[in-house]
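Step one of this worksheet: look at the structure below.
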2 protein chains.
Amino acid sequence: MLAAERRDHLLALLAREGKVVAKDVAADLGISEDSVRRDLRDLAAEGLCQRVYGGALPASPAVVGYAERQSVTPDGKRRVAAAAVGLVRPGSTLILDGGTTALAVAGLLPADLDCTVITHSPTVVAALLEHPRAELFLLGGRIFKHSAVACGAAAVEAAQNVSADLCLLGVTGVHPEAGLTTGDADEAAMKRALAARAAETWILASAEKIGAASPFRVLPWPRIGGLVTDADPTHPVLERLAADGVELLTAR
Amino acid sequence: MLAAERRDHLLALLAREGKVVAKDVAADLGISEDSVRRDLRDLAAEGLCQRVYGGALPASPAVVGYAERQSVTPDGKRRVAAAAVGLVRPGSTLILDGGTTALAVAGLLPADLDCTVITHSPTVVAALLEHPRAELFLLGGRIFKHSAVACGAAAVEAAQNVSADLCLLGVTGVHPEAGLTTGDADEAAMKRALAARAAETWILASAEKIGAASPFRVLPWPRIGGLVTDADPTHPVLERLAADGVELLTAR
DNA sequence: ACCATACACGCAGAAACATGCAAGAACAGG
DNA sequence: CCTGTTCTTGCATGTTTCTGCGTGTATGGT
């Protein structure tokens, strides 16, 4: 049985039965419960299911729809997201970006987390609906379909009215000269607006983003609180960042 | 039986029966009363139910909305939604409410529909992401979790800046004296704001809503363009509406 | 005021979980 | 074809979480 096959089986089971019990599946397929748990954890990180004690339940259709359009969330993003979760303090206010990495963060936040989450991503909202103690605030605006987030003048303006302790931002490039970059101008403007409204901004960037550059700059790169990545800390770009006083959090 | 599943079961029961008796549920599911009590205590702590001696009652009428999201869209709502789709003109601007009925409308809109959709529901946005020619505008604000839509002052204010040709609004009650009603005050205010920004407002109400009344009024009922329902047009409430000049569209 | 029932609390066994580790398979490069 | 590497998988470990039971207390009905 291939790993991918197992994943498909779990998703199919989830769709058909409405739930998955780790123990039962393990027995049915003749594999260890650990593997099932590992698979479920990965699926949950991609927003394709909701992990619960003993197994998993279907995620909200909105999240599944978005997650399926993306390719599988690579391991790097999952690790980065898991590390970033540690930055979130209970009782604080968090600005959470859109995109797969930020979505993975949302999926990995503890279910009973007591904090306020501000986001411009409908998908992140959907992922956090089941968190009873999380207060959600959605920044509206024109929807940029490619990444399914609100962008444009209205969204940037809406962002002016909020303040937060921490902002977690995903980018597609972390480059010495270009700074922190992304692939769309409106999106870059929105990310910039978000970063400006938080006391501290941390960047989420899996290894393949380090040293890469996209067309539009979000921020000149020393202007951030820290960076979460799974890349080797000895990477020249990261060493230069560290020398500039940017805190690095290495995900493993 | 998973713990999370038990919780869902309790919420569904609460929505369907209007109450939960700890002893009965324990016997039905073959679990100890302590577990049921523990679950109810947790749910109450999350504001999802109201704990009473012997069991629990729904926290607010809005909880019904929450439970509805779990189950499949009933046939009546689907018929109403299908009929409402016919009201949407290509090239026009549409304000679409949150809630299951409006979501069903979103799901039934033709894939190549060329129009602008304004909504305060992240779920509706997710449903329309695959419509390449649809321009989406999301109204942000504090998320009202029970129905997963943006509400509150910020959302109402955001609504002031849009205008549309048609507004499709779901309500939970259509009553001769109470008017058009829903289960939450903020939600009612939001729906009112949406209706005010459209040239014409149509109400979506499946048969069980006709003659029912919820705590909070959205609009006094003659102030609408039309009503889509699958109820019998000879229903006294509908006849009175028709006499007041409200257009009726009967879904079959 | 009395009694039956519901309840909260603490406890202990059981189940689920995360983590580290090692054996094996798949893979890439020479 | 061989070798070193990476990835996967199952197992062992310790930890956390859940659940049912016993005890004593609170509540509501009679």
Side-chain angles (χ1 to χ4, degrees), chain A residues 1-10 13-14 19-46 49-57 71-86 90 104-105 107-114 130-133 206-208 230-232 234 250-252, chain B residues 1-11 13-14 19-46 49-57:
Chain A
M1 158 139 303
L2 300 170
E5 211 177 339
R6 229 171 34 215
R7 283 179 44 123
D8 285 350
H9 182 85
L10 288 172
L13 213 56
L14 214 47
K19 68 163 179 172
V20 160
V21 178
K23 194 174 123 178
D24 297 353
V25 181
D28 276 3
L29 302 183
I31 56 178
S32 76
E33 292 180 35
D34 294 72
S35 293
V36 177
R37 270 193 278 272
R38 260 185 279 248
D39 287 340
L40 290 179
R41 194 198 316 163
D42 292 347
L43 290 174
E46 288 167 33
C49 73
Q50 181 195 352
R51 193 77 172 80
V52 297
Y53 199 87
L57 297 175
S71 50
V72 178
T73 304
D75 215 46
K77 288 189 182 179
R78 192 177 66 74
R79 281 202 302 270
V80 168
V85 165
V105 172
L108 292 173
L109 286 174
D112 63 341
L113 181 69
D114 178 16
E130 306 296 334
H131 288 56
R133 304 176 61 188
S206 45
E208 76 274 13
D230 62 330
D232 190 331
T234 64
T250 304
R252 317 206 159 272
Chain B
M1 160 141 291
L2 300 171
E5 211 180 340
R6 228 172 35 216
R7 285 178 41 128
D8 283 350
H9 182 86
L10 287 171
L11 287 174
L13 215 57
L14 215 47
K19 67 167 180 174
V20 160
V21 179
K23 195 174 129 179
D24 298 352
V25 181
D28 277 2
L29 302 183
I31 56 178
S32 76
E33 292 180 34
D34 293 74
S35 292
V36 177
R37 270 193 277 272
R38 257 185 280 249
D39 286 340
L40 290 179
R41 195 194 317 164
D42 292 347
L43 290 174
E46 293 165 23
C49 75
Q50 181 193 351
R51 194 76 174 80
V52 295
Y53 201 84
L57 297 174

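So that the names make sense, note that chain A is the first sequence line, chain B the second, and so on, each numbered from 1.
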Task: Atom-to-atom span, CD of A/Glu33 to C1' of C/dC17 - whole angstrom - done: 10 Å
- [ ] Whole angstrom is fine here: how far is it from CD in B/Glu5 over to P in D/dT19?
- [x] 12 Å
TODO: Starting from P on C/dA15, measure out to NZ on A/Lys23 and report it in whole angstrom.
DONE: 6 Å
TODO: Ignoring hydrogens and angles, answer whether the base of C/dC7 and the side-chain atoms of B/Asp34 contain a donor-acceptor pair closer than 3.5 Å.
DONE: no
Open item on the list: Which is more 5' along DNA chain C, the nucleotide nearest B/Arg38 or the one nearest B/Ala22? Just name the residue.
Closed with: B/Ala22
TODO: Let me know the distance between CZ of A/Arg37 and P of D/dG10, rounded to the nearest Å.
DONE: 12 Å
Task: Minimum-distance nucleotide (side-chain atoms of B/Tyr53 versus C/dT19, D/dG20, C/dC7) - done: C/dC7
- [ ] Starting at atom CZ of B/Arg7, determine the distance to atom C1' of D/dT19, rounded to an integer number of angstrom.
- [x] 16 Å
TODO: State the CD-NZ distance between B/Gln50 and B/Lys19, to the nearest 0.5 angstrom.
DONE: 14.5 Å
- [ ] To the nearest Å, give me how far apart CD1 (B/Ile31) and P (D/dC18) are.
- [x] 14 Å
Open item on the list: Please confirm whether the shortest side-chain N or O distance from B/Ser35 to OP1 or OP2 of D/dG20 is below 4.0 Å.
Closed with: yes
- [ ] Let me know the distance between CG of A/Leu40 and P of C/dC17, rounded to the nearest Å.
- [x] 8 Å
Task: Separation of atom CG in A/Leu29 from atom C1' in D/dT9, rounded to whole Å - done: 14 Å
Open item on the list: For a quick test of reading the model: is some side-chain N or O of A/Arg6 closer than 4.0 Å to OP1 or OP2 of D/dT9?
Closed with: yes
TODO: Select base, sugar-phosphate, or nothing to describe what A/Val36 touches, counting heavy atoms under 4.0 Å on all strands.
DONE: nothing
Open item on the list: Quick check on C/dC7: is either OP1 or OP2 less than 4.0 Å from any side-chain nitrogen or oxygen of B/Arg51?
Closed with: yes
Task: Spacing of A/Leu57 atom CG and B/Leu2 atom CG [to the nearest 0.5 Å] - done: 6.0 Å
Open item on the list: Run A/Arg6 and A/Ile31 through side-chain contact (heavy atoms from CB on, under 4.5 Å) and show every step you take.
Closed with: CA-CA 10 Å; A/Arg6 229 171 34 215; A/Ile31 56 178; 3.2 Å; yes
Task: Among B/Asp39, B/Leu11, B/Leu13, the one residue meeting side-chain contact (heavy atoms from CB on, under 4.5 Å) with B/Val20 - done: B/Leu13
Open item on the list: Return the NE2 to CG distance between B/His9 and B/Leu29, rounded to the nearest 0.5 Å.
Closed with: 4.5 Å
- [ ] Classify the nucleic acid contact of B/Val21 as base, sugar-phosphate or nothing, counting any heavy atom under 4.0 Å across all strands shown.
- [x] nothing
